[in-house]
Protein chains: 2
Amino acid sequence: MKVTFTLSRRNPAEPKLPKNYQLIYDIVEQSGLGRHLTPAEIYTKALKRRPGIGFSTVYRGLERLRDLGLVSELHVPGAEAATYEPVGPKHAHFRCSECGEIEDVPYAVPSRTLKALALEHGFTIDTERVTFEGHCADCAS
Amino acid sequence: MKVTFTLSRRNPAEPKLPKNYQLIYDIVEQSGLGRHLTPAEIYTKALKRRPGIGFSTVYRGLERLRDLGLVSELHVPGAEAATYEPVGPKHAHFRCSECGEIEDVPYAVPSRTLKALALEHGFTIDTERVTFEGHCADCAS
DNA sequence: CTGAGAGTGAAAGTCACTTTCACGCGTTTC
DNA sequence: GAAACGCGTGAAAGTGACTTTCACTCTCAG
């Protein structure tokens with residue numbers, strides 16, 4: 001499946017992303033919302049499209065894309081590695097402690113609450129992370 | 001400072017915790033609510049009280065205490081190691097991205113919300129984790 | 001006392017991730 | 001076009017948290 005890159009359209013001020021980084025971005029985007037890929041999985045997919053690509057390039061690419069805000073990095077306790085997903089609306093994550101599957105959950109701390117907490121404690125909040133753990137529908141049965 | 005162990009009072013059915021595990025429990029308890037110790041820090045403190053104690057014993061002890069629900073384990077993205085704190089009321093954590101300091105924040109997802117999410121998605125929620133990141137009062141100035 | 005099982009410490013292993021470094025490729029500058 | 005430059009690249013070694021292994025020791029019920 002051939003996919004045209006939409007990077008320059010998204011951010012015209014940043015037209016030149018190295019092609020390997022575009023490839024990585026492409027892979028994460030194609031995974032779709034709700035999918036969570038580890039660097040190893042992304043590397044495997046990248047290898048198929050560009051044989052010879054190095055592991056370090058994938059790590060570097062993910063780091064860069066994360067800093068640019070083009071992909072989201074997700075650390076979940078219990079999962080052995082970080083996972084990456086396309087950027088999307090703020091949401092929480094649910095991890096099944098039995099099968100390890102990670103699911104998106106539509107929940108975010110109310111911004112009013114965030115403001116109140118920040119004010120009360122004197123800090124500024126840049127990001128919020130909400131993770132639930134339990135048993136998914138499949139494993140519960 | 002000599003401290004009497006309160007273990008057996010807390011859980012009379014589990015009167016026999018190995019003394020090294022009691023030591024570790026003691027250290028975490030004494031750190032107080034709001035403190036967050038890494039295994040390395042706990043090991044250092046343990047060494048002073050019981051020279052010769054091994055690293056693996058500390059890890060094993062923390063694991064055991066965590067499973068028994070006597071201490072809380074906390075993984076924070078960005079922090080290099082896990083941290084441990086005494087059990088206490090549910091709360092969220094704030095981590096300063098500049099100095100790495102971790103602070104307790106009195107916030108919990110409303111239980112009604114939890115129930116609603118669980119029902120809607122068909123999973124059961126055992127634990128919830130909320131982490132904020134930003135700049136603490138000291139670093140912001 | 002005695003034997004089984006739990007606890008212990010040292011050391012080696014594992015694994016995600018980071019760093020280093022020499023090379024290459026494209027871009028810019030005469 | 002040719003030389004100079006710099007970012008991107010891949011291989012490989014390094015790092016550090018945690019885990020596993022294993023032989024030894026301690027504890028305690030019988």
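Chain A is the first sequence line, chain B the second, and so forth, proteins listed ahead of strands; every chain is numbered from 1.
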Asks: Taking only N/O atoms, report every protein-nucleotides 2-6 of chain C pair under 3.5 Å with atom names and distance.
Replies:
none

Asks: Quick one: name the residues clustered hydrophobically with A/Leu119, using the 4.5 Å side-chain heavy-atom rule over I, L, V, M, F, W, Y, and just say none if it's on its own.
Replies: none
Asks: Does B/Asn20 have a side-chain nitrogen or oxygen under 4.0 Å from the phosphate oxygens OP1 or OP2 of C/dG7?
Replies: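 Answer no for this pair, as no side-chain N or O of B/Asn20 is under 4.0 Å from OP1 or OP2.
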Asks: What is the distance, rounded to the nearest whole Å, between atom CG of B/Leu23 and atom C1' of C/dG9?
Replies: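 Nearest whole value for this atom pair: 15 Å.
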Asks: Please list, one pair per line, the donor and acceptor atoms closer than 3.5 Å that link side chains of residues 76-90 of chain B to other protein atoms, with sequence neighbours excluded.
Replies:
from    : atom 1 : to       : atom 2 : distance (Å)
B/Thr83 : OG1    : B/Leu74  : O      : 3.4
B/Tyr84 : OH     : B/Glu73  : OE2    : 2.9
B/Glu85 : OE1    : B/His36  : NE2    : 3.0
B/Glu85 : OE1    : B/His93  : NE2    : 3.4
B/Glu85 : OE2    : B/His91  : NE2    : 3.3
B/Glu85 : OE2    : B/His93  : NE2    : 3.2
B/Lys90 : NZ     : B/Glu128 : OE1    : 3.0

Asks: With sequence neighbours left out, what residues match A/Arg35 under salt bridge (charged side-chain N to carboxylate O under 4.0 Å, His left out)?
Replies: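 Expected list: none.
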Asks: Measure the distance from CD1 on A/Ile53 to P on D/dG8 and round it to the nearest whole Å.
Replies: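 It works out to 14 Å between those atoms.
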Asks: Which pairs pass side chain to side chain donor-acceptor pair (under 3.5 Å) with one or both residues in residues 108-117 of chain A, sequence neighbours excluded?
Replies: none
Asks: Find the distance A/Tyr43:OH to C/dT18:C1' and express it as a whole number of Å.
Replies: 16 Å
Asks: In whole Å, what is the span from the CD1 atom of B/Ile24 to the P atom of C/dT8?
Replies: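 It is 8 Å, rounded to the nearest whole Å.
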Asks: Sequence neighbours left out, cut at 3.5 Å: what donor-acceptor pairs do the side chains of residues 130-141 of chain B make with other protein atoms?
Replies:
from     : atom 1 : to       : atom 2 : distance (Å)
B/Glu133 : OE1    : A/Arg129 : NH2    : 2.7
B/His135 : ND1    : B/Glu98  : OE1    : 2.8
B/Ser141 : OG     : B/Asp138 : O      : 2.8

Asks: Rounding to a whole Å, what distance do you find between A/Lys19:NZ and D/dG10:C1'?
Replies: 12 Å
Asks: Rounding to an integer number of Å, can you tell me how far A/Gln22 CD sits from D/dC7 C1'?
Replies: 15 Å
Asks: Just checking A/Phe55: base, sugar-phosphate only, or nothing, at a heavy-atom cut-off of under 4.0 Å?
Replies: nothing
Asks: Is it the case that the side chains of B/Asp26 and B/Gln30 hold a donor-acceptor pair, with the cut-off being a distance below 3.5 Å and no angle test?
Replies: yes
Asks: Tell me, do B/Leu65 and B/Val28 make a side-chain contact under 4.5 Å, heavy atoms counted?
Replies: no
Asks: Side chain to side chain contact (heavy atoms under 4.5 Å, CB included) with B/Tyr43: which residues, sequence neighbours excluded?
Replies: B/Leu47, B/Ile53, B/Phe55, B/Val58
Asks: If you take any heavy atom closer than 4.0 Å to DNA chain C, which residues from residues 78-85 of chain A end up in contact?
Replies: A/Glu80, A/Ala81, A/Ala82
Asks: Residues two or more places apart in sequence or in another chain: which of them pass side chain to side chain contact (heavy atoms under 4.5 Å, CB included) with B/Glu63?
Replies: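 Listed in chain order: B/Arg66, B/Asp67.
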Asks: Is there any ring pair (Phe, Tyr, Trp, His ring centres under 6.0 Å) pair reaching into residues 104-130 of chain B, and which pairs are they, with sequence neighbours excluded?
Replies: A/Phe94-B/Phe123, B/His121-B/Phe123
Asks: Please give, in whole Å, the distance from C/dC17 C1' to A/Arg66 CZ?
Replies: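 So the two atoms are 11 Å apart, to the nearest Å.
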Asks: Should B/Tyr21 be listed as having a side-chain N or O under 4.0 Å from OP1 or OP2 of C/dT8?
Replies: yes
Asks: Distance check needed: D/dA17 C1' versus B/Leu62 CG, whole Å only.
Replies: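 B/Leu62 atom CG is separated from D/dA17 atom C1' by 13 Å.
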Asks: Distances under 3.5 Å only, N/O to N/O: pair up the protein atoms with those of nucleotides 19-24 of chain C.
Replies:
none

Asks: Which hydrophobic side chains are connected to A/Leu33, either touching it within the sub-4.5 Å cutoff or through other members that do?
Replies: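 Joined to A/Leu33, directly or through intermediates: none.
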